[in-house]
Amino acid sequence: MSFARVEEVFKLNEGERVRLRGWVYNARVQGGLAFIDLRDSTGIVQVTIKKHELKNPPFESIVNELKREASLSLEGYVRHDPRAPNGVEILCESLEIIGKSEEYPIRKGVGTKFLLDHRHLYLRRQKFQAVLKIREKAVEAAEEWFRMNGFHLVHCPSFVIAACEGGATLFNVDYFGKVVHLTQSSQLYLEAAIFGLEKVYTIQPSFRAEKSKTKKHLTEFWHIEAEVAFATHEDIMNYEEDLVSYIVNKVVDESQKELELLGRQFEKPKRPFLRLTYAQAVELVNKKGIKMNFGDDFGTDAEKLIANSIDRPAFVMFFPVSTRAFYHMPNPEDPNLTLSSDLYAPGEGEITSGGQRIHDLDLLLRRLKEYNLNPEDYKWYIDLRRYGSVPHAGFGLGLERLVKWITGVNHIRNTVPFPRTPFRVYP
RNA sequence: GCCGCCCUAGCUCAGCCCGGUAGAGCACCCGGCUGUUAACCGGGGGGUCAUGGGUUCAAAUCCCAUGGGCGGCGCCA
């Protein structure tokens, strides 16, 4: 007889024989009667062991080994009993301890630091697995969407020379005696790729050496980035809307069990997404009592305010040049503004950033100078504007921020198995 | 980078203001228990009070420094 999965047990009939294997989620022993909550990757079921009905081994020989997280395999039969959680249990006839367990450190009441220090064990928690499954589903959906829409996957390097978002936030790496950096974004490399493949994307980690102590920053995060030849700012917003909708809809359709386990009520977002200009957003923020000037970027409070005043995802468009990186295309209607936008998720905040890139050689050179960047570091990037340059646009989506929005977890580090933050690289 | 807070038993915390040689709950160990759901009942062991220095007759407690971390801001995906 092959091993069944825990989730299958609930569909079996009274008296059916099953073999199971998994881990002890919790155990309660009282004299000659023991209860185990047995966990596998599909769920938890109660296993009942009665001293006189356990055929092997002797009850006394295993009862002291039924500790939390011990691994075991067992055979028994299905019983429908209202006293069991969810009305179903396995009455155990034989059992083998595969791996004993020491005193398991994770239990109710432990603190944040302790859980982070024991992340390698915390992964076993059901709710955490639900988040990881949703994350997996989101990536699957993104890959599907890119393929359906004619995008090519391009993997980009993690070791880089030049900054993309600003020099202060670069990690240094000793590269055979030479200082190089970990990439902050694959955008510049994807821009190179569009001249062959036209529509490209990547899903890979980006690194930021910012000591950001917030619930929405990691030093290493997974970045979904896309770049499209001949695309305008308008085009790229449409792509973003379609991609985000596709991902979210697929998660809602196919990860309902996980969302329920997390107690998360999540509605598919209405379309079309809202579109407001930077100027409108500033006005909204000021009207609701947070003072900011035209030309300022949105602070945390302003971002929260915007995120809480929308009933669906919203683009904030046309940020001033002063708030953006060097490569953003100026808006022809107002050169102080850029053809760029951030996408805000309701209740969450910024999850993507994108826009049209400068494709004109002279303008790019001028901008590098204005931003005090060394053109030598961007030689190859500038080169792209010398050989058949075309208008193009792209965006970056923070996978963890997207997952945080969908799952409603309280901190971005709970969207990734082993979070990297300014003060944590262990485990 | 800035501001605030925390570090006492394996874990969660009380004790600190007003200095006088350390306490609870849970976990663990032993015993009991055939319907538990974070099982329960009885008994037991367990701490150089983060580290270093200072003040004092006396420091977990007051002061300084260092380390580790948490929360918020800034920055951004």
Side-chain angles (χ1 to χ4, degrees), chain A residues 25-37 44-54 59 63-64 66-68 79 81-87 89 91 102-118 164-169 183-187 203-225 240 244 296-304 319 323-325 342-345 348-354 395-405 410-413 415-416 421-426:
Chain A
Y25 182 73
N26 192 24
R28 299 167 292 282
V29 178
Q30 40 180 331
L33 180 66
F35 299 98
I36 303 169
D37 299 324
I44 294 175
V45 68
Q46 175 165 290
V47 173
T48 301
I49 307 174
K50 295 185 175 177
K51 184 175 176 177
H52 300 299
E53 299 191 42
L54 183 68
F59 187 82
V63 73
N64 288 326
L66 299 180
K67 293 178 179 169
R68 297 179 59 215
R79 287 203 44 195
D81 190 318
R83 294 170 296 186
N86 301 314
E89 66 178 18
L91 190 69
E102 299 177 12
E103 185 190 338
Y104 194 63
I106 294 181
R107 62 178 69 88
K108 287 252 159 133
V110 294
T112 307
K113 180 181 189 299
F114 189 84
L115 286 176
L116 288 169
D117 284 339
H118 294 81
C164 186
E165 301 292 334
T169 66
T183 185
Q184 299 168 306
S185 161
S186 298
Q187 179 195 321
I203 303 177
Q204 64 183 90
S206 285
F207 305 87
R208 304 273 165 94
E210 274 289 350
K211 289 191 176 174
S212 303
K213 300 164 67 66
T214 76
K215 292 178 176 177
K216 46 178 290 195
H217 289 268
L218 294 169
T219 53
E220 175 178 2
F221 68 97
W222 280 72
H223 216 166
I224 300 178
E225 293 178 277
E240 286 180 61
V244 169
D296 294 344
D297 208 342
F298 302 104
T300 299
D301 291 340
E303 181 184 351
K304 277 182 197 156
F319 280 78
T323 65
R324 298 305 243 195
D342 289 350
L343 181 62
Y344 281 63
E348 181 59 38
E350 186 184 342
I351 58 168
T352 84
S353 187
F395 66 89
L397 164 66
L399 175 62
E400 287 81 8
R401 289 187 181 177
L402 178 73
V403 174
K404 180 170 180 282
W405 171 44
N410 66 335
H411 199 295
I412 194 166
R413 65 184 167 221
T415 65
V416 59
T421 58
F423 298 101
R424 181 171 293 280
V425 286
Y426 174 93

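Sequence lines set the chain letters: A, B, ... in the order given, protein chains first and strands last, and positions in each chain run from 1.
- Nucleic acid contact class of A:Ala34 (heavy atoms, under 4.0 Å, all strands): none.
- With both ends at atom C1', the span from B:A27 to B:A65 equals 36 Å, rounded to whole Å.
- Across the strands present, B:C75 finds no partner; the criterion is a Watson-Crick or G-U wobble pair with both atom distances under 3.5 angstrom.
- For B:C28 and B:C63, the P atoms lie 39 Å apart once the distance is rounded to whole Å.
- Under the ring-ring contact (aromatic ring centres under 6.0 Å, His included) criterion, A:Phe114 pairs with A:His118, not counting sequence neighbours.
- One can place CD1 of A:Ile224 at 21 Å from P of B:C76, the figure rounded to the nearest angstrom.
- For the side-chain contact (heavy atoms from CB on, under 4.5 Å) with A:Val403, the lone residue among A:Ile351, A:Ile412, A:Thr415 that qualifies is A:Thr415.
- The gap from the C1' atom of B:G23 to that of B:C40 amounts to 25 Å, rounded to the nearest Å.
- Across the protein-nucleic acid pair, A:Asp301 atom CG and B:C76 atom P stand 16 Å apart, rounded to whole Å.
- The P atoms of B:A60 and B:C7 are separated by 15 Å, rounded to the nearest whole Å.
- Base pairing of B:C11: its partner is B:G25, meeting the Watson-Crick or G-U wobble criterion (both donor-acceptor distances under 3.5 Å).
- Summarising the geometry, the separation between NZ on A:Lys67 and C1' on B:C28 is reported as 9 Å, rounded to the nearest angstrom.
- Comparing A:Glu400 and A:Glu103, the nucleotide of RNA chain B nearest to each residue sits closer to the 5' end for A:Glu103.
- To the nearest angstrom, P of B:G68 lies 9 Å from CZ of A:Phe423.
- Nucleotide B:C40 forms a pair with B:G32, judged by Watson-Crick or G-U wobble geometry with both contacts under 3.5 Å.
- Listed by chain and number, the residues in a ring-ring contact (aromatic ring centres under 6.0 Å, His included) with A:Phe207 amount to none (sequence neighbours excluded).
- Look at A:Arg208 and you won't find any side-chain N or O under 4.0 angstrom from OP1 or OP2 of B:G74.
- Using a 4.0 Å cut-off, no side-chain N or O of A:Lys216 falls inside it from OP1 or OP2 of B:C73.
- Whole-Å rounding puts the A:Asp342 CG to B:C75 P distance at 13 Å.
- Between A:Thr352 and B:A77, a side-chain N or O to OP1/OP2 separation shorter than 4.0 Å is absent.
- Taking 4.0 angstrom as the limit, A:Lys215 places a side-chain polar atom (N or O) nearer than this to OP1 or OP2 of B:G72.
- Residue side chain A:Lys50 reaches the base of B:G35 through a donor-acceptor N/O pair under 3.5 Å, judged by distance alone.
- Pair assignment for B:G45: none, as no Watson-Crick or G-U wobble contacts are both less than 3.5 Å.
- Only the C1' atoms considered, B:G53 is 24 Å distant from B:G15, to the nearest whole Å.
- Taking every side-chain heavy atom of A:Ser353 into account, B:A77 is the closest of B:U36, B:A77, B:C75.
- Across the C1' atoms, B:U51 and B:G42 are found 41 Å apart, a figure rounded to whole Å.
- The interatomic distance linking A:Asn410 (CG) with B:G72 (C1') rounds to 15 Å, in whole Å.
- Regarding A:Asp117, its CG atom lies at a distance of 16 Å from the P atom of B:C7, rounded to whole Å.
- The side chain of A:Glu350 lies closest to B:C76 when the candidates are B:C76, B:G35, B:C70.
- B:G46 and B:G32 have their P atoms separated by 24 Å, given to the nearest Å.
- Between A:Lys211 atom NZ and B:C73 atom C1' there is a gap of 16 Å when expressed in whole angstrom units.
- Rounded to whole Å, the separation between the C1' atoms of B:G52 and B:G67 comes to 10 Å.
- Dashed line: the shortest gap from a side-chain N or O of A:Ser212 to OP1 or OP2 of B:C75 is not under 4.0 Å.
- Side-chain contact, A:Arg83 with A:Gln46: no donor N or O sits under 3.5 Å from an acceptor N or O.
- Remark: B:A50 base-pairs with B:U66. Criterion, Watson-Crick or G-U wobble with two distances under 3.5 Å.
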